[in-house]
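Presented below is the structure to which this report refers.
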Amino acid sequence: MTVDARPLSGADKAPGTAAPVLTVEGLTVSVRTEGGLRPLVRDLSFTLARGEVLAIAGESGSGKSITSLAIMGLLPPPAVRVTAGHIRLGSTDLTALPEAAMRAVRGDRIAMIFQEPMTSLNPVMTVGAQLIEAIRTHEPVGRADARRRAVEALGAVRLSEPVRRMGQYPHELSGGMRQRVMIAMALALRPEVLIADEPTTALDVTVQREVLDLLRDLQRETGTAIILITHDMGVVAEMADRVIVMKDGAMVETAPTRDLFRTPGAPYTRALLAAVPRMGAGAVRGEMPVVETVAALSDVVVRFPLRGGLFGRVTRNVHAVEHVGLEIRRGETLALVGESGCGKSTIARAIVGLVPHEGAINVAGKELRQLDPAGRRALCRDVQMVFQDPMAALDPRMRVGDLIAEPLLIHGIGSAADRRDRAAELLARVGLEKDHAARYPHEFSGGQRQRICIARALALNPRLIIADESVSALDVSVQARVLTLLRDLQEELGLSYLFISHDMAVVENISDRVAVMYLGQIVEMGSRAQIFGNPQHPYTCRLIEAVPVPDPEHRRPPGVRLTGEIPTPVHSVGAGPERVRLTDVGGGHLVAAH
């Protein structure tokens, strides 16, 4: 495989001419199989200068994360190990260090932010205890000083009520909040090298913006070198000095960031960049005709009680959704956007009857609160969901054909032969083969598993599909194919989508209309052109301005910097946020007073 390695231009060189802080030479990482050793990373070499940001980009299975685990000495023994090459942190050869010595290096001199925080945080320790332990393990400070630094670190990553978060356990936090805890833990120790493995994948666009700003501040203040592992080419363009592109365990191209985006040399790099969703590149679609409404919400409220005190009385409420009204029309995609905790997924669960609510939800002419159990079960034929994690949504013990046909079996539709034929038809419709019906979910890639979930959702011929972050965990090329599939199915079958996402570039590409949520309420709603071309509410402007642009030449307007705490949605009984009133500013473009 040919490697396109170009010299650094002056604008892209890392600061300073001192010896590299990290040197990787001829690194090969292999896994032991029945047939012998199989390489996962092959003959990889690069250097990292003090203060430099080096991005390692590529799709799942390219070897990005294996490389980072090798550097950290966290490869799972004895099956996976370094079989050739050296990794040097300054003058220290990490590949020659015993585990006890490597433990002293981790966290202090070299730290890592992992993609999935729930598997990295101890579920039986509070957030504060874990932060304090990390600080005191590597620095000779008292408990009070460590606690103060831990609270400051949580505040720096924009966690609301950082003092209260110190006493919470990981399961009490959302996915985005847990990732912020991991980032705070890494930043608190100020290491020489920080490896960030997909650090913003699960984060809202505004929180992602703040995290990227924080990483940049850390780099500027301390000279920390950063290895940024990501499939988000917008983040690469904005953060990296240099880029390594990997595929199938090997480097296919390395170049200064500006050069790589301007003139990518390798065909794989060109394909990777072409698949990136870009703001303003959404397909032009005509005005939606006035058609039937598939789902309508009117004055919907969802609150979750919090109990406390000696007698366990309800003392506070989480105001998840507050007086929301919207409608989804036949054949359209309504995108619901906003930060974690704003109520997007709660609305989805309310529509399918999974959470109690006040107000009216009408789906396919049926009012949810008036349905008996049989009616609620029948509602599944009109509404289906596609979730973010397809592996968690599919029973690993069932064959794919049975998984797709299961909704038909539950509703007593067709014979066994009819259901098999329907499963084969749906597999073909989502671009998979008929013989895939006999396989199990673990035998497929992430993108293929998401296609299986879409096929399962189509089994009952629903009128509305709720896609809850359904493409956020996919590689950009796989994401592009799944989005194309969703559009094609919509045109062919007249489907309506409620598309929930924090990726504004994806939303701009797929939506007909957009509703922007903030702390449980809709603050702006309108057509795609109105929201992205003429945003009116300051929060909408912040969401759009925070989107990383896959162009190293792009510069954000001066002064755009997200700061401050996110307000809490928790209020005492009888209290709550002020109700938002929407005003039509023209052409059905609704905006809250601000």
Side-chain angles (χ1 to χ4, degrees), residues 158 174-176 200-210 232 234 277-282 295 297 300 302 320-322 324-329 332-351 385-388 464-474 479 483 486 496-549 562 566-567 569 580 582 588-592 594:
R158 291 186 71 229
S174 70
T200 59
T201 296
L203 300 182
D204 305 310
V205 65
T206 52
V207 179
Q208 175 179 257
R209 161 61 45 221
E210 182 67 15
D232 189 330
R278 298 170 185 264
M279 299 283 282
L297 284 67
V300 172
V302 180
V321 175
E322 286 290 304
V324 164
L326 56 83
E327 65 176 20
I328 306 168
R329 303 159 188 163
E332 81 161 351
T333 298
L334 173 67
L336 199 55
V337 301
E339 295 179 291
S340 293
C342 73
K344 305 186 303 293
S345 293
T346 302
I347 283 181
R349 291 178 172 88
I351 292 174
M385 290 191 70
V386 178
F387 296 95
Q388 178 175 357
L464 171 65
I465 289 181
I466 300 174
D468 191 357
E469 299 285 6
S470 57
V471 297
S472 62
L474 303 179
Q479 181 185 85
L483 291 173
L486 290 174
S496 300
Y497 294 133
L498 178 60
F499 191 86
I500 297 172
S501 180
H502 67 267
D503 190 326
M504 297 297 285
V506 169
V507 166
E508 199 274 341
N509 274 258
I510 197 172
S511 63
D512 295 299
R513 291 189 301 129
V514 182
V516 180
M517 289 195 71
Y518 180 69
L519 289 178
Q521 303 192 63
I522 292 177
V523 296
E524 187 164 3
M525 183 160 51
S527 68
R528 179 182 64 187
Q530 290 168 339
I531 297 298
F532 287 94
N534 185 29
Q536 296 288 306
H537 197 277
Y539 180 67
T540 307
C541 296
R542 286 176 59 178
L543 288 177
I544 295 172
E545 288 165 351
V547 175
V549 178
L562 304 175
I566 301 172
V580 164
L582 296 175
H589 188 176
L590 305 178
V591 183
H594 53 272

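Being a predicted model, the structure only gives us computed values, none of them experimental. Heavy atoms only: backbone and side chains are in, while hydrogens, waters and symmetry mates are out.
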[X] [atom1] to [Y] [atom2] distance, which is reported to the nearest 0.5 Å:
| X | Y | atom1 | atom2 | answer |
| --- | --- | --- | --- | --- |
| L336 | S511 | CG | OG | 11.5 Å |
| L326 | M517 | CG | CE | 8.5 Å |
| D503 | D232 | CG | CG | 7.0 Å |
| M525 | L582 | CE | CG | 6.0 Å |

- Task: Please step through side-chain contact (heavy atoms from CB on, under 4.5 Å) for the pair I351 and L498, ending with a clear verdict.
- Result: CA-CA 10 Å; I351 292 174; L498 178 60; 3.8 Å; yes
- Message: Suppose we screen for ring-ring contact (aromatic ring centres under 6.0 Å, His included). Which residues come up paired with H589, at least two apart in sequence or across chains?
- Response: none
Counting only N and O atoms by type, is there a donor-acceptor contact under 3.5 Å from the side chain of [X] to the main-chain atoms of [Y]?
| X | Y | answer |
| --- | --- | --- |
| Y497 | L486 | yes |
| R528 | D512 | no |
| Q521 | V580 | yes |
| Q536 | V591 | no |
| E332 | R329 | yes |
| H594 | A592 | yes |
| D468 | I500 | no |
| K344 | S501 | no |

Side chains of [X] and [Y] in contact at under 4.5 Å (non-hydrogen atoms):
| X | Y | result |
| --- | --- | --- |
| V471 | V506 | yes |
| F532 | V514 | yes |
| V337 | M504 | yes |
| Y539 | V516 | yes |
| E339 | R542 | no |

- Note on the structure: Contacts of E469 meeting salt bridge (charged side-chain N to carboxylate O under 4.0 Å, His left out) (sequence neighbours excluded), chain-then-number -> none
- Query: Which atom names give the shortest non-hydrogen contact between S496 and I328, and what distance separates them?
  - Reply: CB-CG2, 4.0 Å
- Mind listing the closest non-hydrogen atom pair of P277 and Q479 along with its distance? CG-OE1, 3.6 Å
- Sorted by chain and residue number, the side-chain contact (heavy atoms from CB on, under 4.5 Å) partners of F387 (sequence neighbours excluded) come out as M385, A393
- Query: Do E524 and T540 have side-chain atoms, one donor and one acceptor, less than 3.5 Å apart?
  - Reply: yes
- Between V302 and the options V321, I347, V324, the side-chain contact (heavy atoms from CB on, under 4.5 Å) test singles out V321
